[in-house]
Every structure is written in structure tokens, then in C-alpha cells.
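Here, residue 1 is the first one in the sequence, and each next residue gets the next number. Quick caveat: nothing in here was measured; it's all calculated off a predicted structure. Ligands are counted one by one from 1 in listed order, and the atoms in each one are counted from 1 as well.
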Amino acid sequence: MKKVVVIGAGPGGIMAAGKASERGHDVILLDKNDRIGKKILISGKGRCNITNDTDIEGLIENIPGNGNFLYSAFYTFSNHDLIEFFEQHGLKTKVERGGRVFPVSDNAKDVNEALLKFLKKTNVRLQLNSAVQEIKTKDNAVIGVVLKDGTEISCDSVVLATGGASYPGTGSTGDGYVMSRKLGHTIVDLKPSLVPLLAQEEWVKELQGLSLKNISISILNNAGKKIYSDFGEMLFTHFGVSGPVILSASRHILDYDYKNVKLVIDLKPALTEEKLNERILRDFEKYSRKQYKNSLDELLPQKMIPVIINLSGIEPERFVNQIKKDERKALVRLLKNLTININGSRPIKDAIVTAGGVSTNEINPSTMESKLIKGLYFAGEVIDVDGYTGGFNLTIAFSTGFLAGINC
Ligand SMILES: Cc1cc2nc3c(=O)[nH]c(=O)nc-3n(C[C@H](O)[C@H](O)[C@H](O)COP(=O)(O)OP(=O)(O)OC[C@H]3O[C@@H](n4cnc5c(N)ncnc54)[C@H](O)[C@@H]3O)c2cc1C
């Protein structure tokens with residue numbers, strides 16, 4: 001029997017601790033918080049998108065950050081194994097749009113309940129309010145950990161599952177990077193991913209708080225090439241844009257450092273330019289004696305009307321029957337191609353995940369063991385892996401945690 005310390009009671013650490021304990025090891029699971037899985041509670045807007053109902057290739061395709069490193073982890077413990085795991089621990093799941101898997105209850109608390117049940121069943125010694133400061137080694141092998149209060153715990157193996165540096169209020173403050181670097185590991189540059197974006201245009205601020213549903217977006221690079229498109233919901237904020245389609249889009253422009261790209265919003269994706277033109281023509285005939293500024297109520301949300309009027313270049317006081325065909329057509333083009341220049345992103349603390357982390361070159365993909373330090377294992381977001389939205393990031397954490405747990 002080995003003595004194993006797991007640092008971090010998020011999905012990666014919980015899975016690793018339970019699996020190691022099932023193998024008969026003496027396992028202590030440490031977390032600095034006063035409860036487990038704080039990030040799980042806020043995941044999926046409180047509903048927790050546990051995983052995705054796709055095949056292994058589908059998982060890898062949705063993990064742009066070193067997906068190939070995860071083949072062993074997913075073949076050992078797949079997304080479907082994860083769904084079964086939760087069913088066995090009393091959590092029923094359902095599949096939604098895009099293969100997203102949620103608890104039937106739509107409540108992330110129930111995910112944590114199932115995980116607590118697993119920890120109890122496997123006799124893991126859970127020790128909360130315990131922040132780890134350092135991993136101790138001798139001759140390049142793990143010998144123990146030191147807590148922030150100075151307490152030392154000796155052990156044969158450590159699983160480092162401290163998460164990334166996003167949403168630090170959940171406990172993921174990047175401690176794992178510091179500890180790993182100290183042991184000689186390379187930390188690939190940390191970058192925010194699945195993150196709200198900054199807009200150059202001042203008018204965006206006027207739309208702060210406005211949420212748009214059923215819009216489509218495209219992202220163009222500086223050569224004007226379309227690099228991404230999506231359909232769904234977005235939100236304007238005081239700094240730029242956010243919401244589901246924006247967060248998803250953001251990962252596709254991480255390599256551009258979130259700069260020199262254009263976000264093009266189609267406000268009326270269900271209508272071709274021709275149909276939209278006909279629609280506006282009908283509205284303009286109906287409101288021919290009204291001023292332009294009072295003619296768009298049926299077409300656009302109130303908050304957006306002054307912005308669109310301004311961008312269209314047509315004087316707001318003009319009577320609708322004085323608007324020329326070319327001006328109307330330009331309005332149609334504006335509504336189909338509302339363009340925002342993206343010039344940055346919010347910082348890592350506001351990102352859903354942290355891209356970058358402990359280099360995958362220094363971790364054995366079949367065991368999650370460090371290639372530098374014997375007895376040191378990694379699980380979850382602390383590793384340089386990251387996925388798109390859709391349940392892929394939790395799947396990474398659970399599967400790498402499983403692999404670390406059966407090998408440590
Ligand atoms: C708002 C939001 C919504 C999200 N929604 C989804 C979703 O629906 N689906 C999805 O797949 N992914 C989602 N994610 C991403 C996903 O939650 C993370 O990728 C995942 O939780 C990472 O798991 P982890 O175990 O690696 O780390 P974490 O869940 O971050 O857990 C790390 C744990 O380590 C502890 N810790 C850190 N340092 C120390 C230390 N020094 N000593 C002791 N303990 C320490 C922390 O307190 C924490 O409990 C979301 C993320 C956010 C922020």
C-alpha cells in the first residue's frame with residue numbers, strides 16, 4: 001500500500017483520489033477550500049455540462065490545446081464511461097444540443113453530491129481548508145508535501161490537480177504552476193481561453209447589457225478570410241462582447257492573441273439580404289410618414305436602434321418616404337454585417353479555462369506521471385490542454401484524473 005496525496009478536490013483530483021483509494025492505497029485529498037468542487041458548482045451556468053456524447057475522435061477534435069496527448073486518457077476512461085460512472089453514483093444524465101450532457105436535474109450541486117458519494121464509498125481521507133505550499137522531493141522522487149501552515153505530510157506519490165488560473169475565487173489560483181516550475185517543469189505560456197472579447201468601437205458600450213438571441217457571427221482574420229462562424233446567443237458588455245457564441249469563438253482566435261480580427265454579426269440570419277430588404281420596404285411603407293428614428297421598432301431591440309441609425313449614416317429626423325433605395329440597401333447590409341474590431345480579451349481570471357500549463361512533453365500520456373519527478377502525477381487543467389465549450393474541459397479533468405489514479 002502506498003501513501004498518496006492528491007492536491008485539489010476538483011473533478012481531476014476527486015477522480016484520481018477515488019481510483020487510487022479503490023486500489024488499496026492510503027489516499028489523502030487536500031483542498032484549500034471548505035468544500036469540494038467549487039468550480040463545478042458554477043459550471044454550465046449552474047447546470048454543469050459534464051461531458052459530450054461524441055466518440056473519442058470527436059473529443060480530440062474539440063480539444064485544440066494538445067488533444068492528441070489525451071488518447072490514452074480517453075481510451076482508458078471515456079466520456080461514456082464517465083456518464084456510466086455518474087449513473088452508478090445516482091446521477092441521471094440527459095443529452096442536449098450539440099451532444100452536451102447535463103444532469104437531468106439541471107443542478108450542478110447534484111454532480112458534487114455524486115462525487116462526494118464516490119469519495120465516501122472509496123474511503124478517501126478528505127482534508128479541506130488545507131492549502132499546499134510545496135511538493136518535497138529527494139533524488140528526483142516525491143517524498144511529501146508541505147502545507148501553507150507548515151504541516152508536512154510524507155507520501156510516496158502526489159497527484160497535482162490544482163486546476164488553472166481562471167476564476168480564482170473558486171480556488172484555482174495557479175498554485176500548481178508555481179509548484180511544478182519549482183520542480184523543473186516547463187510551464188507553457190498561460191493564456192485566457194473561452195473568454196469575453198474587447199471591442200475597439202465605442203458604440204459597443206452603448207449596447208451594454210443587451211443580449212441578442214438567434215444571431216449568427218463570423219470571425220474574419222486581417223486578410224478578410226472567415227475563420228469561424230456560429231449561431232446562437234451573445235451579449236454586449238461595457239468592454240465588448242460576451243455570451244455563448246463569443247466564448248466559443250474566442251478559442252478559435254487565441255493564436256491571433258485576440259487581435260486584428262473582425263467579428264461580423266448577422267442580426268437577421270433567417271433572412272437573405274433580398275428578403276430583409278423586402279421586409280424593411282414593407283415597414284417603410286407602413287411608416288412612410290414617420291421619421292426614420294421611429295421606424296425600426298419592429299425590426300430591432302430598442303437599445304440598438306440609435307446605434308444602427310448612427311452607423312447607417314441616414315439622418316434620424318428624415319421622413320421614411322425620403323429614404324433612397326441605395327440607403328435602404330446599405331441599411332440591409334449593415335444589419336447583415338454589423339462589424340466589430342476585436343482588440344484583445346478579458347484577462348485569465350475572467351476566462352472559462354486557462355490555455356497553457358505544465359508541458360505535455362514532460363508528462364507520460366499513458367500514466368500522467370512526470371517524466372522528471374518519480375511519483376508526481378498530473379490531472380486536469382494544470383496540464384497544457386484545453387478544449388472548446390461543450391463539456392470537453394470537464395471530460396479532460398475526469399479522464400486524466402482517472403489515469404493518474406490508476407497509475408499513482
Ligand atoms: C464559469 C465556468 C463554467 C464552466 N463550465 C464548464 C462546463 O459546463 N463544462 C465543462 O466541461 N467545463 C466547464 N468549465 C471548465 C471546468 O470547470 C474546468 O476545466 C475544470 O473544473 C478543471 O478541473 P480541475 O480538476 O483541473 O481543476 P479545478 O476544478 O479548478 O479544481 C482545482 C482545485 O484545486 C484546489 N487548489 C488549488 N490550489 C491549491 C493548493 N495550493 N492547495 C490545495 N488545493 C488547491 C482548488 O481549490 C480547486 O478546488 C467551466 C469553468 C468556469 C470557470
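- In this comparison of Gly10, Gly380, Pro11, the heavy atom closest to atom 23 (O) of ligand 1 sits on Pro11.
- Phe74 meets the ring pair (Phe, Tyr, Trp, His ring centres under 6.0 Å) test with no other residue; sequence neighbours excluded.
- Here is the list of ligand 1 atoms found below 4.0 Å of a heavy atom in Ala161: 32 (C), 33 (C), 34 (O).
- Scanning the protein for heavy atoms near atom 4 (C) of ligand 1, the closest one is Ser43 CA, 3.5 Å.
- Looking at ligand 1, you'll find an N or O of Val132 within less than 3.5 Å of one of its N or O atoms.
- Ranking protein heavy atoms by distance to atom 44 (N) of ligand 1, first place goes to Lys32 N, 3.2 Å.
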Stepwise side chain to side chain donor-acceptor pair (under 3.5 Å) check, Ser193 with Tyr388: CA-CA 9 Å; Ser193 183; Tyr388 294 132; over 6 Å; no
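- Residue Asn33 has at least one N or O atom closer than 3.5 Å to an N or O atom of ligand 1.
- Ser172 and Lys39 are linked by a side-chain donor-acceptor pair at a separation below 3.5 angstrom, with hydrogens and angles left out of the test.
- For His80 and Asp53, the side-chain atoms include at least one donor-acceptor pair closer than 3.5 Å.
- Remark: ligand 1 atoms within the under-4.0 Å shell around heavy atoms of Ala131 are 42 (N), 43 (C).
- The closest protein non-hydrogen atom to atom 36 (N) of ligand 1 is Gly171 O, 3.9 Å.
- When all heavy atoms are compared, the tightest approach of Cys408 to His25 is O-NE2, 3.4 Å.
- Listed by first and then second residue, the ring-ring contact (aromatic ring centres under 6.0 Å, His included) pairs involving residues 150-191 are His185-Phe378 (not counting sequence neighbours).
- Between Phe118 and His89, the angle of the ring planes goes over 60°, which puts this pair in the perpendicular group of the 30/60° scheme.
- Annotation for Ser312 and Ile309: closest pair OG-O, 2.7 Å, computed over non-hydrogen atoms.
- Geometric assessment of Arg328 against the ring of Phe284 yields a negative cation-pi assignment under the 6.0 Å and 45° thresholds.
- Annotation: atom 47 (O) of ligand 1 to nearest protein heavy atom, Asp31 OD1, 2.8 Å.
- Side-chain atoms of Thr339 and Asn337 include no donor-acceptor pair closer than 3.5 Å.
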Run the numbers on Lys191 and Asp386 for salt bridge (Lys or Arg N to Asp or Glu O under 4.0 Å), then give the verdict. CA-CA 11 Å; Lys191 287 185 181 180; Asp386 68 280; over 6 Å; no
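- The nearest heavy-atom contact from the protein to atom 12 (N) of ligand 1 is Leu394 CG, 3.5 Å.
- In Lys39, the part holding a heavy atom less than 4.0 Å from any atom of ligand 1 is the side chain.
- Less than 4.0 angstrom separates some heavy atom of Ser172 from each of these atoms of ligand 1: 30 (O).
- Under 4.0 angstrom from ligand 1, there are no non-hydrogen atoms of Ile40.
- Annotation: atom 2 (C) of ligand 1 to nearest protein heavy atom, Ile352 CD1, 3.7 Å.
- Cation-pi geometry between Arg47 and Phe102 is satisfied (NZ or CZ under 6.0 Å from the ring centre, within 45° of the ring normal).
- Closest to atom 27 (O) of ligand 1, if we only count protein heavy atoms, is Gly163 CA, 3.2 Å.
- In this structure, Arg47 falls outside the shell of residues with a heavy atom less than 4.0 angstrom from ligand 1.
- Near Asp175, meaning under 4.0 Å from one of its heavy atoms, ligand 1 places the atoms 38 (N), 39 (C), 40 (C), 41 (N).
- Residue contacts with ligand 1 for Lys38 are absent, since no atom lies close enough (heavy atoms, distance under 4.0 Å).
- The protein atom (non-hydrogen) at minimum distance from atom 5 (N) of ligand 1 is Gly44 N, 3.0 Å.
- For ligand 1, the polar-atom distance check finds no N/O of Tyr167 at less than 3.5 Å from any of the ligand's N/O atoms.
- Close approach of ligand 1 to Ile42 (heavy-atom distance below 4.0 Å) involves ligand atoms 1 (C), 3 (C).
- Between Leu128 and Asp34, the closest heavy-atom pair is CD1-O, 3.3 Å.
- Counting atoms of ligand 1 from 1 in the listed order, those under 4.0 Å from a heavy atom of Thr170 are 47 (O).
- Side-chain atoms of Ser345 do not come within 3.5 Å of backbone N or O of Pro196 as any donor-acceptor pair.
- Near Gly12, meaning under 4.0 Å from any of its heavy atoms, are these atoms of ligand 1: 25 (O).
- Of all atoms in ligand 1, numbered sequentially from 1 with element shown, those under 4.0 Å from a heavy atom of Ser130 are 42 (N), 43 (C).
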